[in-house]
Enquirer: 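This is the structure I want to talk about, given as structure tokens.
Both counts, for ligands and for their atoms, begin at 1 and track the order of listing. The structure displayed is predicted, hence computed values, not measured ones.
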Amino acid sequence: MSTSYRIGLVGKPSVGKSSFFNAATMNDVPEGAYPFTTIDPSVGEAYVRVDCAAPEFDEVCTPNVGYCDDGTRFVPTKLVDVAGLIPGAHEGAGLGNQFLTDLNETDVLVHVVDFSGTTDAEGEPTEDHDPREDIDFLEEELDQWYLGILEKGIERYESGYTTEDDAIEEELAEQMSAFKTNEDEIKRLIRRVDIGFDPAEWDDDDELRLAREIRKETKPMVIAANKMDTPEAQANYEEITADPEYDHLTIVPCSAHAEKALKSADQSGVVDYRPGDPDFEISEARSASSNRTQSDDTGDISDEQEQGLEQIRDFLKEYGATGVQAALETALFDVLGVTPVFPGGANGLGNERGEVLPDCYLIPPNSTAEDFAYSLHSDIGDGFLHAIDCRSNRQLGKDYEVEPRDVIEVVTTN
Ligand SMILES: Nc1nc2c(ncn2[C@@H]2O[C@H](COP(=O)(O)OP(=O)(O)O)[C@@H](O)[C@H]2O)c(=O)[nH]1
Ligand SMILES: [Mg+2]
């Protein structure tokens with residue numbers, strides 16, 4: 001089976017993590033389509049969109065997991081509400097242990113930030129709070145956490161617990177293994193911060209810069225600028241996206257409320273809305289203004305409801321979408337670089353069970369055709385002869401780097 005990715009939602013209290021989580025996991029999919037069952041309420045199933053390849057082959061797909069809506073595949077991924085970011089932790093309390101454990105199980109983070117500036121550092125109501133403080137706070141907290149572990153590695157190295165010919169990158173990779181890093185990566189990052197390979201020569205700032213670099217590499221993140229349905233948030237968004245200090249971050253404008261409202265309205269048949277779309281339709285029969293005489297019908301929507309929906313439509317026009325799907329997809333595809341790929345057959349896309357493009361796998365960045373074969377099954381990897389690009393019928397060697405939306409058949413010796 002292919003890798004299953006976990007996207008973690010983090011942020012101080014009251015920024016809208018739970019609202020985002022609920023909106024993203026509130027899915028109207030057929031029963032049995034859920035690949036994950038969990039009793040942990042903070043772990044849910046969200047979807048990322050991939051343009052389906054089946055229409056290019058004049059076929060209709062039959063997804064094993066998730067679903068396909070009018071040419072858009074909704075591929076399942078895990079979403080984790082990592083609550084428990086404690087403000088002021090820096091000064092001594094330290095990040096909560098459970099928080100760190102949960103964080104380590106995620107592949108990429110969506111930092112939900114209240115861009116309206118109406119919650120203070122503790123999540124209590126306030127006015128004119130600068131969202132930049134929250135962005136900085138989380139980055140600094142994570143850096144301090146990494147630094148603490150890095151320092152332990154340096155201490156070990158310097159106290160000579162390690163054998164003489166051990167390199168510093170080896171010691172640090174071992175010390176920081178929970179962050180899924182390795183010697184090569186540490187070596188590359190030490191070079192990047194340009195501090196040399198003798199830790200005796202590193203000062204506090206060198207160590208912090210290295211810790212920060214390792215953190216950025218192993219805990220990539222996207223900022224979900226939430227509550228963008230408020231004028232305060234919109235003003236802050238303009239200002240912060242124009243601030244060069246924040247160029248290094250990807251900031252996605254977002255309204256968890258709008259996404260939740262549209263999904264609810266869709267589920268009750270009031271609107272037709274596909275998650276992530278730039279627009280929606282109000283169902284004809286439900287429109288109150290077009291059907292005044294039957295306005296006491298329970299299915300009709302009130303003027304107030306219609307007004308609310310039109311406000312959401314204006315929001316979508318301005319920002320392109322509610323931003324919930326966009327934040328997840330930016331995290332997985334742009335920041336993490338995950339590649340969606342369809343296992344296919346060169347002689348027709350259907351398999352022996354008559355399923356058409358049943359799977360869309362999400363595989364790690366820079367995967368080769370051989371890596372892809374191994375992600376299907378170790379036997380398929382071991383027996384790899386070559387792969388076939390099902391669109392062109394061209395043969396692909398084991399070192400071919402898989403591209404997003406490739407449709408690939410693997411030919412094996414067995
Ligand atoms: N205006 C607005 N308010 C939001 C949005 N998302 C969440 N909120 C509000 O922010 C408050 C905190 O939300 P919650 O999801 O509980 O935050 P959490 O503590 O981070 O999980 C609640 O009053 C929500 O209704 C949004 O997109 N727009
Ligand atoms: Mg919450």
Enquirer: Kindly state each residue pair satisfying salt bridge (charged side-chain N to carboxylate O under 4.0 Å, His left out) with at least one member in residues 63-74, sequence neighbours excluded.
Expert: none
Enquirer: Would you mind running through ligand 1 and noting each atom that sits below 4.0 Å from a heavy atom of Ser18?
Expert: 15 (O), 18 (P), 21 (O)
Enquirer: Pairs of nitrogen or oxygen atoms closer than 3.5 Å, one from Ala256 and one from ligand 1: do any exist?
Expert: yes
Enquirer: Using modelled atom types only, decide if a donor and an acceptor are shared between the side chain of Arg156 and the backbone of Glu171 within a distance under 3.5 Å.
Expert: no
Enquirer: Check the side chains of Thr368 and Asp371 for a donor-acceptor pair under 3.5 angstrom, ignoring hydrogens and angles.
Expert: yes
Enquirer: Among all protein heavy atoms, pick out the one at the shortest distance from atom 10 (O) of ligand 1; state its residue, atom name and that distance to 0.1 Å.
Expert: Lys227 NZ, 3.0 Å
Enquirer: Check this for me, if you would: do Arg394 and Asp389 make a salt bridge, where the nitrogen-to-carboxylate-oxygen distance has to be below 4.0 angstrom?
Expert: no
Enquirer: Salt bridge check, Lys227 against Glu232: does any charged N sit closer than 4.0 Å to a carboxylate O?
Expert: no
Enquirer: Between Asp266 and Lys263, is there a salt bridge with N-O shorter than 4.0 Å?
Expert: no
Enquirer: For ligand 1, which atoms, with element, lie under 4.0 Å from some heavy atom of Asp229?
Expert: 1 (N), 2 (C), 26 (C), 27 (O), 28 (N)
Enquirer: Between Val15 and ligand 1, which part of the residue brings a heavy atom under 4.0 Å of the ligand: side chain, backbone, both or neither?
Expert: both
Enquirer: May I ask you to identify the nearest protein heavy atom to atom 6 (N) of ligand 1, giving residue, atom name and distance to one decimal place in Å?
Expert: Asn226 ND2, 3.2 Å
Enquirer: Any Lys/Arg nitrogen of Arg192 or Glu217 sitting under 4.0 Å from an Asp/Glu carboxylate oxygen of the other?
Expert: yes
Enquirer: Would you call Glu155 and Lys152 a salt bridge, taking side-chain N to carboxylate O under 4.0 Å as the test?
Expert: no
Enquirer: Is there a protein heavy atom less than 4.0 Å away from atom 23 (O) of ligand 1?
Expert: no
Enquirer: Has ligand 1 got any nitrogen or oxygen that is less than 3.5 angstrom from a nitrogen or oxygen of Pro13?
Expert: no
Enquirer: Main chain of Tyr5, side chain of Thr77: is a donor-acceptor contact present, judged purely on distance under 3.5 Å?
Expert: yes
Enquirer: Starting from atom 15 (O) of ligand 1, which protein heavy atom do you reach first, and at what distance in Å?
Expert: Ser19 OG, 2.6 Å
Enquirer: What are the atoms of ligand 1, with element, lying closer than 4.0 Å to any heavy atom of Gly16?
Expert: 7 (C), 13 (O), 14 (P), 15 (O), 17 (O), 18 (P), 20 (O)
Enquirer: Give the residue, atom name and distance (to 0.1 Å) of the protein heavy atom nearest atom 19 (O) of ligand 1.
Expert: Ser14 N, 2.7 Å
Enquirer: Is there a donor-acceptor pair under 3.5 Å between the side chain of Asp359 and the backbone N or O of Tyr361?
Expert: no
Enquirer: Taking Leu109's backbone N and O only, do any of them form a donor-acceptor pair with Thr106's side chain (distance below 3.5 Å, no angle check)?
Expert: no
Enquirer: By the salt bridge (charged side-chain N to carboxylate O under 4.0 Å, His left out) test, which pairs, at least two apart or in different chains, include something from residues 314-333?
Expert: Arg49-Glu329
Enquirer: Any N or O on Thr230 sitting closer than 3.5 Å to an N or O of ligand 1?
Expert: no
Enquirer: Under 4.0 Å, heavy atoms only, figure out whether ligand 1 is touched by the backbone of Val112, its side chain, both or neither.
Expert: neither
Enquirer: Among pairs that include at least one residue of residues 178-218, which meet ring pair (Phe, Tyr, Trp, His ring centres under 6.0 Å), considering only residues two or more places apart or in two chains?
Expert: Trp145-Phe179, Tyr146-Phe179
Enquirer: Going by the closest heavy atom to atom 2 (C) of ligand 1, which one wins out of Glu232, His257, Lys17?
Expert: His257
Enquirer: For the Mg ion (ligand 2), check which protein N, O or S atoms are under 2.8 Å away and list them.
Expert: Ser18 OG
Enquirer: I need the atoms of ligand 1 closer than 4.0 Å to a non-hydrogen atom of Ser255, numbered in the order shown.
Expert: 27 (O)
